2 protein chains.
Amino acid sequence: MKPMTIGRLSSAAKVKVTTIRYYESIGLMGTPDRSASGQRLYGSVDVERLSFVRHARELGFSMDAIKDLIGLQTEPDQDCSAVDTIAQKQLAEVQKRLAQLEALERELKRMIENCRGGKVGGCQVMAAINDHSECETDKHERLKPL
Amino acid sequence: MKPMTIGRLSSAAKVKVTTIRYYESIGLMGTPDRSASGQRLYGSVDVERLSFVRHARELGFSMDAIKDLIGLQTEPDQDCSAVDTIAQKQLAEVQKRLAQLEALERELKRMIENCRGGKVGGCQVMAAINDHSECETDKHERLKPL
DNA sequence: ATACAGTCTACAGCGACTGTAGGGGCAAGT
DNA sequence: ACTTGCCCCTACAGTCGCTGTAGACTGTAT
Ligand SMILES: [Zn+2]
Ligand SMILES: [Zn+2]
Ligand SMILES: [Zn+2]
Ligand SMILES: [Zn+2]
């Protein structure tokens with residue numbers, strides 16, 4: 001149960017040192033104990049918490065959603081429907097993005113297939129970017145990070 | 001052929017006024033003429049160029065790629081293979097992101113299906129986020145914006 | 001004792017915008 | 001001529017989730 005420094009936590013949880021400090025700054029990791037010289041000290045509970053955050057990020061959850069999930073984790077007697085709602089929202093986001101990207105894939109493929117080479121002036125890829133008429137226009141919503 | 005103000009260009013090309021000024025600031029739109037009082041003045045060629053940029057953005061191309069495409073557009077006698085290479089790279093990006101998101105979808109679905117309700121302490125969604133062992137780990141690369 | 005790796009704070013930068021503050025301009029209606 | 005109200009201008013801060021940098025200090029191994 002001896003405390004570990006931020007570097008050890010970093011390799012245990014596979015989250016970069018700078019990212020851990022960033023998470024602390026946005027209130028995701030609480031304020032750790034400090035050694036006499038001011039170094040942050042962590043325990044195994046922090047490894048778990050940080051691994052949880054990492055996996056949630058890998059699943060595409062926003063920091064806000066993760067804050068909510070961590071809040072719920074500390075109240076294990078509450079009904080889990082709040083958790084499931086967050087996960088379902090995330091699934092819906094992922095599926096929406098999938099639909100958008102599938103449309104992009106079709107459009108890009110079509111553009112590339114139509115091009116028979118030659119000069120830029122006659123390139124079908126260029127023409128297709130210039131011309132919106134072949135779009136699945138409703139799929140051209142803003143692509144946000146996910 | 002009378003010039004239009006930035007607002008007219010904005011509605012003609014469906015790109016926000018602030019975004020047009022931003023594109024100018026990063027060198028994507030050249031430096032427009034100005035009226036005596038300093039207002040930007042555009043012509044129909046700018047509508048086309050800006051629409052091209054918008055469609056390329058909607059297709060997920062980065063600003064750097066779009067700069068390259070615009071550069072190529074002004075040399076219509078070159079071979080179009082450079083264009084096609086950019087488009088193929090973009091398609092590859094889209095397909096990579098699709099694979100990642102499909103893995104996320106499967107993982108989220110499985111988590112949600114496994115949850116039988118009850119308290120947070122026993123929630124399978126929480127458990128699955130805590131436990132990486134059921135992951136398609138290789139699909140957990142960083143999700144970058146696209 | 002010295003070298004080297006790790007840690008500290010504070011701040012700037014990324015991409016692709018969006019929003020705000022505080023001003024000036026322009027056409028139509030009265 | 002004057003007012004109303006929208007349009008335009010610049011310059012800068014904020015968004016998200018980090019990442020990188022600078023410069024100083026600490027901890028450990030040889
Ligand atoms: Zn081509
Ligand atoms: Zn399209
Ligand atoms: Zn549940
Ligand atoms: Zn996973």
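As the structure is a prediction and not an experimental result, all values here were calculated from the model. Chain identifiers are assigned alphabetically (A, B, ...) following the order of the sequence lines, protein sequences preceding nucleic acid strands; residue numbering begins at 1 within each chain.
Atom CD1 of A:Ile20 and atom C1' of C:dG6 are 13 Å apart (whole Å). Distance A:Ile26 CD1 to D:dG17 P: 7 Å, rounded to the nearest Å. A:Lys144 has its NZ atom 12 Å from the P atom of D:dG17, to the nearest Å. The CG-P distance, from B:Leu41 to D:dC8, rounds to 11 Å in whole Å. D:dC7 atom P lies 16 Å from atom OH of B:Tyr42, rounded to whole Å. Between the CG atom of A:Asp64 and the P atom of D:dG17 there is a distance of 7 Å, rounded to whole Å. Atom pair B:Glu24:CD and D:dC9:C1' shows a separation of 12 Å (rounding to whole Å applied).
Screening residues 14-41 of chain B for side-chain hydrogen bond (donor to acceptor under 3.5 Å, both in side chains), with sequence neighbours left out, gives B:Glu24-B:Arg40, B:Ser35-B:Ser37.
When side chains are defined from C-beta on, B:Arg8 does not count as touching B:Tyr42, because their heavy atoms never get closer than 4.5 Å.
Looking at residues two or more places apart in sequence or on another chain, you find a side chain to side chain contact (heavy atoms under 4.5 Å, CB included) between B:Asp131 and B:Ser133. Listed by chain and residue number, A:Gln78 satisfy the side chain to side chain contact (heavy atoms under 4.5 Å, CB included) test with A:Glu75 (two or more places apart in sequence, or in another chain). For A:Arg106, the salt bridge (Lys or Arg N to Asp or Glu O under 4.0 Å) test picks out A:Glu136, with sequence neighbours left out.
OP1 or OP2 of D:dC9 sits under 4.0 Å from a side-chain N or O of B:Arg40. Phosphate contact (OP1/OP2 of D:dT10, side-chain N/O of B:Arg34, threshold under 4.0 Å): present. A:Arg21 has no side-chain polar atom (N or O) that falls below the 4.0 Å cut-off from OP1 or OP2 of C:dT9.
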Classify every nucleotide of nucleotides 18-26 of chain D by which part a protein heavy atom approaches to under 4.0 Å, writing B for the base, S for the sugar-phosphate alone and - for neither, in 5'-to-3' order.
BS------S
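Applying a 4.0 Å cut-off to non-hydrogen atoms, the residues of residues 4-15 of chain A that approach DNA chain C are A:Thr5, A:Ile6, A:Gly7, listed by residue number.
Salt bridge annotation for B:Lys109-B:Glu113: absent, with no cationic side-chain nitrogen under 4.0 angstrom from a carboxylate oxygen.
B:His140 and A:His55 share a side-chain donor-acceptor pair at under 3.5 Å.
Atom CD1 of B:Ile20 and atom CG of B:Leu50 lie 5.0 Å apart (nearest 0.5 Å).
Nearest heavy atom pair, residue B:Leu101 against residue A:Val94, reads O-CG1, 3.6 Å.
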